[in-house]
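Shown next, in structure tokens, is the structure this report addresses.
Quick caveat, the model's predicted, so the values are computed rather than measured. Order of the sequence lines sets the chain letters (A, B, ...), proteins ahead of strands, with each chain counted from 1.
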Protein chains: 2
Amino acid sequence: MLKQERHNYILEEVRSHNKVLSSELSHKLNVSEDTIRRDLKELSDNGQIKKVHGGAMQHAYIPFSHKDREIYAHEEKVVIVRKAIPLIQDDFVVVMDGGTTNLELARQLPLDLKATVFTNSLPIALQLSEHPKVETVFIGGKILKNAQVAVGLDVINFVADIHADICFIGTRSIHHQFGITDFDREETLTKQALVSCAKHVVSLPISEKINTVQPYKVTGIEKVQTLITELASEDDLLTAYRKRGLQVL
Amino acid sequence: MLKQERHNYILEEVRSHNKVLSSELSHKLNVSEDTIRRDLKELSDNGQIKKVHGGAMQHAYIPFSHKDREIYAHEEKVVIVRKAIPLIQDDFVVVMDGGTTNLELARQLPLDLKATVFTNSLPIALQLSEHPKVETVFIGGKILKNAQVAVGLDVINFVADIHADICFIGTRSIHHQFGITDFDREETLTKQALVSCAKHVVSLPISEKINTVQPYKVTGIEKVQTLITELASEDDLLTAYRKRGLQVL
DNA sequence: ACTAATCGTGCATGAACAGGCATTAAAACT
DNA sequence: AGTTTTAATGCCTGTTCATGCACGATTAGT
């Protein structure tokens, strides 16, 4: 295993768990604690993490109570969500995957919209429970800690019985050739189930996710009917998707 | 657990409750009070909190910062939860109903407890997703707006397959003769299912709920093994329950 | 003023650390 | 190809850090 690989792994761990322990890393990566210490020191000197006795932590601690309030690239996501809302009609059955864009969608739903929303995301369910007319159904299952979404067999079984009008699928990466991809295997399988339970699948990526790829495939691009970004629909970046027959907004 | 983690936790706790008690922190974080004292001293020296006898406070009172975290009769519920925690052992399968007392229980779970928790409450699931070692499984279903819990057939079917070690049932009213009762029909049916999936049922009412009654019956008192209130276990109010063979804490 | 809780200090112990040294492997240079 | 350089890693040693415990001093509540 290369040093760079370890560094990437460590950074990923820190991002998702807020901390790492030297002893744990040493065990997982099969190197001595000395090496880990050197890794941590280097990353710390670069300002990428904060070294502490026994391991390292993320620089800025983002407490639980604030974490879900702040949305990365919020402006862009508001633009996207505005374009997405007209897709939802009264009495629709909607499936909403996790992700901050979908959370923003949940927040911006018109208060007079009457619909049933199935979701596997805890923050989205909480948000929707405050909506006066939307009936919220949580798709239960094992909760993935970082993402605060339910995943796994329970989810997959649950949605097998649903035929939704529209599905908003969380999109970590989308590529005109490789489709929607993600990096967590279990999450990917769950997303596959969500995608296949709706006739109309919508992806809402911010433009920086366009034409990036992650290890695991959620779905091919042909299963996605609509793509909405914060860009103008004629933007060059989206040409490939228009050509493949997607509705681009 | 890293020192820095404790510090973050303490700061967050101070911000949300305006104060912390050394004894409480010591329990929750599973370290000696000496260590907590040292933590508080350090944070205090950095000017991040104000140390006082018995714990610490935040420097300036910020009235509405964490309004959503406030729990009615919080003090009493902390007392209850303290007594409840020893009931949960490592590798237990726990079922947690909704309610603010159970939410407090989720918050106070020792960070080194390893367990699987099934819950139908969104806030509790969110809280538990922050816990490092607890595996959280959400029991999906229709979300009841006010209570933010899942109810209905989906929930009932889900728990039919579970055999839990212990179930903490949310208790709106408990009576030595009429048992646990509630006022929402659908929620009541759901609670019945939760109760019947565990060998050990625990009710955590604050004393003002003792011997009150609601329209619908969740379960008779004979199905409840343990009753925990903020009162001393010998309190007269609890005599009737002791006589009926409940463990009263 | 009395009593129990809380505090501060010092000490002991084990974990984590820094820095030097040896080994290996890859890279760069004759 | 053969040699030198450099980087990466593991191991060793003395040092620092974190923590729990003991014990006397201090404080708060009655």
Side-chain angles (χ1 to χ4, degrees), chain A residues 1-14 17-59 61, chain B residues 1-14 17-59 61 74-76 78-83 85-86 90 108 110-113 132-133 230-234:
Chain A
M1 159 149 291
L2 295 171
K3 190 169 83 154
Q4 192 59 48
E5 290 182 86
R6 282 203 313 275
H7 285 199
N8 289 338
Y9 180 84
I10 291 170
L11 287 174
E12 195 52 49
E13 280 289 291
V14 168
H17 300 328
N18 260 321
K19 67 150 187 185
V20 286
L21 301 181
S22 307
S23 52
E24 253 175 50
L25 287 173
S26 152
H27 190 250
K28 273 190 204 157
L29 302 175
N30 261 324
V31 291
S32 73
E33 294 209 24
D34 300 79
T35 301
I36 295 296
R37 244 196 307 283
R38 275 185 276 247
D39 287 340
L40 295 182
K41 179 156 190 332
E42 200 170 321
L43 291 170
S44 177
D45 289 347
N46 289 345
Q48 309 196 55
I49 56 174
K50 183 174 164 199
K51 221 194 127 354
V52 298
H53 197 90
M57 303 206 54
Q58 212 162 17
H59 243 125
Y61 171 63
Chain B
M1 150 141 300
L2 295 170
K3 191 172 80 158
Q4 188 64 46
E5 283 185 273
R6 283 202 313 274
H7 286 197
N8 287 338
Y9 180 84
I10 291 170
L11 286 175
E12 183 53 24
E13 204 64 7
V14 167
H17 298 327
N18 270 312
K19 68 164 187 190
V20 287
L21 302 181
S22 304
S23 54
E24 222 167 273
L25 288 171
S26 159
H27 266 110
K28 175 70 203 295
L29 302 172
N30 254 338
V31 291
S32 73
E33 295 208 23
D34 300 79
T35 301
I36 296 295
R37 244 197 311 281
R38 277 186 275 245
D39 287 340
L40 294 182
K41 178 158 190 330
E42 200 170 321
L43 290 170
S44 176
D45 289 347
N46 290 344
Q48 309 197 56
I49 57 174
K50 185 173 149 200
K51 221 188 126 356
V52 296
H53 198 89
M57 308 206 41
Q58 77 178 351
H59 263 124
Y61 179 71
H74 183 253
E75 304 281 317
E76 288 82 351
V78 168
V79 174
I80 294 173
V81 160
R82 284 275 195 80
K83 295 196 243 181
I85 284 174
D90 264 353
Q108 302 270 350
L111 292 181
D112 61 349
L113 177 76
K133 297 177 82 175
E230 81 277 17
L231 305 171
S233 64
E234 316 82 34

Euclidean distance, atom NE2 of residue B:H27 to atom P of D:dG20 [Å, nearest integer]: 14 Å
With no angle test and no hydrogens, is the base of D:dC11 tied to the side chain of A:D34 by a donor-acceptor pair under 3.5 Å? yes
Can you confirm whether the side chains of A:S23 and A:S26 place a donor and an acceptor under 3.5 Å from each other? no
Roughly, in whole Å, what's the span from CG in B:D39 to P in D:dT19? 7 Å
Whole angstroms only, please: what is the CZ-P distance between A:R37 and D:dT16? 16 Å
Rounded to whole Å, CD of B:E5 lies from C1' of D:dA18 at a distance of 14 Å
What is the distance, to the nearest angstrom, from the CD atom on B:E24 to the C1' atom on C:dT6? 16 Å
Scan B:S22 against the nucleic acid and name what it touches under 4.0 Å (heavy atoms): base, sugar-phosphate only, or nothing. sugar-phosphate
Round to the nearest Å and state the distance from B:I36 atom CD1 to D:dG20 atom P. 9 Å
Do you know the tightest heavy-atom contact between A:E13 and A:V20? CB-CG1, 3.5 Å
On DNA chain C, nearest-nucleotide positions of A:R38 versus A:S23: which is more 5'? A:S23
Any side-chain heavy atom of B:E42 within less than 4.5 Å of one from B:K3? yes
I need the CD-P distance between B:E33 and D:dA22, as an integer number of Å. 14 Å
In this structure, how many angstroms lie between the P atom of C:dG19 and the CD atom of A:E42, rounded? 15 Å
Between B:D45 and B:K41 (salt bridge meaning N to carboxylate O under 4.0 Å), is one present in this structure? yes
Can you tell me if the side-chain N/O atoms of A:R6 get under 4.0 Å from OP1 or OP2 in D:dT9? yes
Between A:K51 and C:dC17, does any side-chain N or O lie under 4.0 Å from OP1 or OP2? yes
Tell me, yes or no, whether the heavy-atom count around A:K50 atom NZ, taken from other residues, nucleotides or ligands under 6.0 Å, exceeds 12. no
Does a side-chain N or O from B:T35 land closer than 4.0 Å to OP1 or OP2 of D:dT19, or not? no
Please tell me which of the listed nucleotides, C:dA18, C:dC7, D:dT19, lies nearest to the side chain of B:K3? D:dT19
